[in-house]
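Computed from heavy atoms alone, side chains included, the values below leave out hydrogens, waters and symmetry copies.
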Amino acid sequence: GGARSVGSFVANSTVIGFQARASHHAMLGLGKGSRSYSDGYSDIDHALYCNGGNLYVYEDGFQQLRIGSCRFGDTFEIRLTNESKLAYYHNGQQMHVSSDVIAADRRLNVDVSVYLEGGKITDAEWIGAPGQ
């Protein structure tokens with residue numbers, strides 16, 4: 001199953017991303033709004049996927065690369081950089097930066113997909129810009 005946030009943020013706002021904890025077979029990311037319409041993962045524009053202890057970056061529904069290992073309770077973040085790109089973090093460490101440039105007026109929402117029954121995404125929250 002899947003879900004997406006009702007709330008969103010504009011790329012040039014004081015919100016710069018989100019963070020959460022995820023169980024195995026859980027994908028969490030940011031969607032550009034217009035594509036985020038299903039329970040599946042293929043419409044999540046920028047995502048981290050924890051699967052079988054491996055951590056992957058997915059963009060536009062496709063696996064891009066494996067960036068490390070993961071386990072239940074790890075923290076995942078996707079943040080907008082000063083260069084208008086999305087950076088992927090695992091347990092506070094930056095692991096990858098997307099080559100995509102996000103338009104300043106683009107609305108982004110949290111978009112998630114959980115493959116197995118009992119999978120969880122917890123402690124999800126927006127991240128504000130420093131000093132906000």
Side-chain angles (χ1 to χ4, degrees):
R4 93 180 158 102
S5 63
V6 174
S8 62
F9 69 96
V10 177
N12 65 357
S13 71
T14 57
V15 174
I16 59 168
F18 82 101
Q19 67 180 11
R21 296 183 189 279
S23 66
H24 63 287
H25 294 291
M27 182 177 286
L28 56 149
L30 292 173
K32 295 176 185 166
S34 61
R35 287 177 26 96
S36 302
Y37 55 86
S38 76
D39 288 344
Y41 71 88
S42 63
D43 65 351
I44 302 176
D45 295 297
H46 298 275
L48 288 168
Y49 180 43
C50 185
N51 178 16
N54 294 302
L55 184 60
Y56 301 93
V57 169
Y58 272 66
E59 292 184 347
D60 297 320
F62 295 98
Q63 180 181 315
Q64 300 299 310
L65 69 151
R66 180 184 179 276
I67 58 171
S69 59
C70 58
R71 62 187 180 137
F72 181 71
D74 287 358
T75 301
F76 305 97
E77 301 175 27
I78 300 179
R79 294 178 175 243
L80 192 62
T81 69
N82 291 335
E83 294 80 29
S84 299
K85 297 181 179 184
L86 293 172
Y88 301 88
Y89 290 80
H90 177 228
N91 291 330
Q93 180 179 357
Q94 183 176 306
M95 303 297 287
H96 179 69
V97 177
S98 174
S99 61
D100 293 347
V101 175
I102 307 299
D105 62 347
R106 171 60 74 181
R107 294 200 74 77
L108 298 168
N109 60 281
V110 174
D111 199 349
V112 301
S113 181
V114 180
Y115 180 67
L116 295 176
E117 186 174 328
K120 296 180 184 179
I121 295 175
T122 61
D123 302 323
E125 61 184 14
W126 296 110
I127 300 169
Q132 300 296 320

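Contact check for L48 versus V57: side-chain heavy atoms found under the 4.5 Å cut-off. M27 has its side chain within reach of I44: a pair of non-hydrogen atoms, C-beta onward, lies under 4.5 Å apart. In this structure, Y88 and L55 have side chains that are not in contact, with every pair of non-hydrogen atoms separated by 4.5 Å or more. Residues D60 and D45 form a side-chain contact, since some pair of their non-hydrogen atoms from C-beta on lies under 4.5 Å apart.
The pair K85-E83 does not meet the salt-bridge criterion, since no charged nitrogen lies less than 4.0 angstrom from a carboxylate oxygen.
Minimum interatomic distance between H90 and S69 (heavy atoms only, all atoms of both residues): CE1-O, 2.9 Å. Of all the heavy atoms in C70 and N51, the pair that sits closest is SG-N, 4.2 Å. Nearest heavy-atom pair, I78 versus H46, reported as atom, atom and distance to 0.1 Å: CD1-O, 3.5 Å.
Taking CE of M95 as the start and CZ of R66 as the end, the distance is 9.0 Å to the nearest 0.5 Å. The CG atom of L65 lies 8.5 Å from the CD atom of E59; values are rounded to the nearest 0.5 Å.
Q93 CD: 12 or fewer foreign heavy atoms inside a 6.0 Å radius.
Partners of Q94 under the side chain to side chain donor-acceptor pair (under 3.5 Å) rule, at least two apart in sequence or in another chain, are Y89.
Hydrophobic clustering (side-chain heavy atoms under 4.5 Å, transitive across Ile, Leu, Val, Met, Phe, Trp, Tyr) keeps V97 apart from I67.
Classification of the Y58-Y49 ring pair by plane angle, with boundaries at 30° and 60°, yields perpendicular.
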